[in-house]
A.B. asks: 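Can you read through this structure? Questions will come right after.
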Amino acid sequence: MKATWEPEKANMQKLVARKDAVLQNPTPLSVGQLCEELCRSELAVEAIRLSLEMVRREPDNVAYLLIAAFVLTNHVFRYDIAVPLLRKAALLEPDNPAIKIMLAQALIVNDDLAGGSALFADIIKLYPSQRVAATLQISQTFLRMGYPMEALNILLFAVRQESAQPALYNAIGCALGCLNRAEEALPWYEQARRMAPHDEGILLGSAIATLKAGHYGKGWALFAQRANKLTAVTKWFAQFPQLQPGDAVSGKTVVLFQEQGLGDTLQFIRFASVLVERGARVTIAVGAALVRLIAQSYPELVVRDAICFGLGETFDYALAIPNLPYVTNMQTAADIPGTVPYLRADAQDVARFAALLPAGRPRIGLVWSGDRRMSAQDVMANQLRSSTLAVMGKALTPVEATLVSLQFGSPREDMQSWTGQPICDPMDHVKDMADTAAVIENLDLVISVDTSVLHLAGALGKPVWLLSRWDACWRWLDRGETTVWYPSMRIFRPQERSFGPVLNQMGEALHAWVAAWRVARTGGELAAPAQDGPPEQTL
């Protein structure tokens with residue numbers, strides 16, 4: 001199996017050529033289908049151009065208005081453009097409840113909660129048959145935008161008006177989970193599962209809530225029933241028997257493949273050692289960014305890039321890495337392999353980055369954002385978990401410490417407009433997670449939003465502070481400042497949609513931490529940090 005991008009490039013070129021042909025003889029069906037294909041091929045900009053060109057040509061054609069609005073709201077986060085398009089469609093077809101539902105959702109996302117809520121009230125009053133569909137769609141929008149109580153209120157109202165429906169019970173469970181009331185969510189999910197036992201969305205939501213409530217044994221069993229997120233590369237591993245609890249693995253070959261994000265892989269890779277202890281010969285298939293880090297941390301494992309497996313290779317068993325806790329029978333927190341740190345940086349890499357960093361101590365690493373992607377769903381999710389350098393920096397600085405950026409991806413651009421305390425940025429020299437680990441080993445504290453760097457710092461045993469999202473991820477449970485997964489982590493939990501108050505709390509804690517750090521290392525003298533070494537924002 002080898003990675004090649006040539007077929008994808010050729011397909012993109014064909015799609016762009018098809019756009020010209022469609023514009024010669026367009027129909028709503030051909031335009032809509034091509035827009036979807038363009039978006040699936042990461043050519044959303046071309047889809048926007050095509051759909052808006054058709055709106056320009058036929059401004060009163062509702063089908064083209066809806067196609068453009070769909071592209072703008074589902075594939076890019078441009079609700080500001082979608083709202084006027086949907087308003088016009090609603091004027092052209094005033095009795096179309098589907099258009100009104102789309103408009104209400106767009107208004108809410110566009111921060112017009114009053115307008116969206118008023119339109120939603122009209123919908124359920126004028127179209128009783130659409131009450132459930134409208135409630136589910138509007139509540140989902142409220143949840144994605146960070147308004148779980150509003151979502152819960154309209155769902156509870158609907159469930160009192162309608163006959164029992166699993167989708168409503170599932171949505172109530174989701175809203176309660178987002179409110180960090182996972183234990184209360186479980187009965188709603190259980191009722192939804194009884195009514196729709198094969199619904200994958202209900203099953204996954206129930207699994208996440210069960211894990212967030214701390215019921216690990218039952219939660220992992222539910223989580224393992226989900227459909228794996230297989231890609232063109234990882235679906236190859238699905239051909240082998242999937243490892244199950246109780247399977248004898250002594251002398252067997254087992255391939256563990258990356259199925260979720262980098263953070264999940266870093267969190268669960270520690271369970272691979274359990275299979276080795278049981279006599280398995282374990283191969284790890286991960287992305288290139290993780291190969292060197294895991295190989296140097298676990299010499300007993302064979303670690304390979306997932307794209308480099310030959311089609312003729314065979315394994316006795318395969319397993320998605322996030323299913324390791326289930327297969328190794330994790331029932332309680334006591335079953336988590338207890339050795340921390342369990343990931344390790346290479347000593348030569350650590351020395352190499354030490355020479356690049358300013359000498360002043362303490363050194364504090366910062367990650368203020370997850371990667372900023374284009375799709376609307378990714379943008380919504382990232383808005384809830386991420387900050388900006390301007391917002392985080394204002395709350396944390398100035399501080400008597402050397403600041404080091406661990407930020408990856410497009411949010412690094414925030415550095416260009418930052419005018420506050422100097423921040424050293426070594427990330428141009430970072431090629432993979434092993435390099436990031438080496439940087440972290442030179443730091444005294446890491447402060448991060450919920451990203452893979454957070455997991456890496458915790459797995460290295462480095463003091464790390466999490467700026468959690470308001471609807472905390474399941475792994476951090478509903479409450480508490482600590483976590484069983486990473487003993488060196490402190491969790492800062494916002495109590496509202498804004499990061500402002502909790503960042504101010506973190507800023508106060510940081511100044512206290514720095515003062516204590518200096519006292520511990522200077523015998524009581526609070527010396528200013530050394531500034532020799534490069535103080536610039538970039539190296």
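Computed from heavy atoms alone, side chains included, the values below leave out hydrogens, waters and symmetry copies.
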A.B. asks: Test your reading of the model: is there a side-chain donor-acceptor pair from R352 to the backbone of D435, 3.5 Å cut-off?
C.D. replies: no

A.B. asks: Are the charged groups of D346 and R292 less than 4.0 angstrom apart, N to O?
C.D. replies: no

A.B. asks: Do R518 side-chain atoms and W513 backbone N/O form a donor-acceptor pair below 3.5 Å?
C.D. replies: no

A.B. asks: Output all residues satisfying salt bridge (charged side-chain N to carboxylate O under 4.0 Å, His left out) with E150, sequence neighbours left out; order by chain, then residue number.
C.D. replies: none

A.B. asks: Can you name the ring pair (Phe, Tyr, Trp, His ring centres under 6.0 Å) partners of Y326, sequence neighbours left out?
C.D. replies: none

A.B. asks: Can a salt bridge be assigned to the pair R181 and D478 using a cut-off of 4.0 Å between side-chain N and carboxylate O?
C.D. replies: no

A.B. asks: With side-chain hydrogen bond (donor to acceptor under 3.5 Å, both in side chains) as the rule and sequence neighbours excluded, what pairs involving residues 439-461 come up?
C.D. replies: R361-D444, S448-T451, D450-W476, H455-Y486

A.B. asks: Kindly state each residue pair satisfying side-chain hydrogen bond (donor to acceptor under 3.5 Å, both in side chains) with at least one member in residues 203-216, sequence neighbours excluded.
C.D. replies: N180-K212, E183-H215, R193-S206

A.B. asks: Mark yes or no for whether D335, through its side chain, and T332, through its backbone, hold a donor-acceptor pair below 3.5 Å.
C.D. replies: yes

A.B. asks: Determine whether more than 12 heavy atoms belonging to other residues, nucleotides or ligands lie under 6.0 Å from atom CD of E300.
C.D. replies: yes

A.B. asks: With a 6.0 Å cut-off (strictly less than), is the heavy-atom count around CD of E313, excluding the residue itself, greater than 12?
C.D. replies: yes

A.B. asks: Determine yes or no for a side-chain-to-main-chain donor-acceptor pair under 3.5 angstrom, with S41 supplying the side chain and L43 the backbone.
C.D. replies: no

A.B. asks: Restricting to non-hydrogen atoms, name the atom on S387 and the atom on V449 that form the minimum distance, rounded to 0.1 Å.
C.D. replies: N-CG1, 4.2 Å

A.B. asks: Is the closest side-chain heavy-atom distance between L454 and V446 below 4.5 Å?
C.D. replies: no

A.B. asks: Could you please spell out the steps behind the side chain to side chain donor-acceptor pair (under 3.5 Å) verdict for Q421 and T397?
C.D. replies: CA-CA 7 Å; Q421 180 173 344; T397 64; 4.8 Å; no

A.B. asks: Please work out whether the ring planes of F492 and W465 are parallel, tilted or perpendicular, with thresholds of 30° and 60°.
C.D. replies: tilted

A.B. asks: Between the side chain of K462 and the main-chain N/O of A459, is any donor-acceptor distance below 3.5 Å?
C.D. replies: no

A.B. asks: What pairs meet the side-chain hydrogen bond (donor to acceptor under 3.5 Å, both in side chains) rule with one or both residues in residues 263-287, with sequence neighbours excluded?
C.D. replies: D264-R475, Q267-R475, R270-Y342

A.B. asks: What residues form a ring pair (Phe, Tyr, Trp, His ring centres under 6.0 Å) with F240, not counting sequence neighbours?
C.D. replies: W236, F315

A.B. asks: Consider side chain to side chain contact (heavy atoms under 4.5 Å, CB included). Of D414, L389, V367, which one does Q407 pass it with?
C.D. replies: V367

A.B. asks: Between R493 (side chain only) and G480 (backbone N and O only), is there a donor and an acceptor less than 3.5 Å apart?
C.D. replies: yes

A.B. asks: Return yes if some donor-acceptor pair links the side-chain N/O of T328 with the main-chain N/O of L324 below 3.5 Å, else return no.
C.D. replies: yes

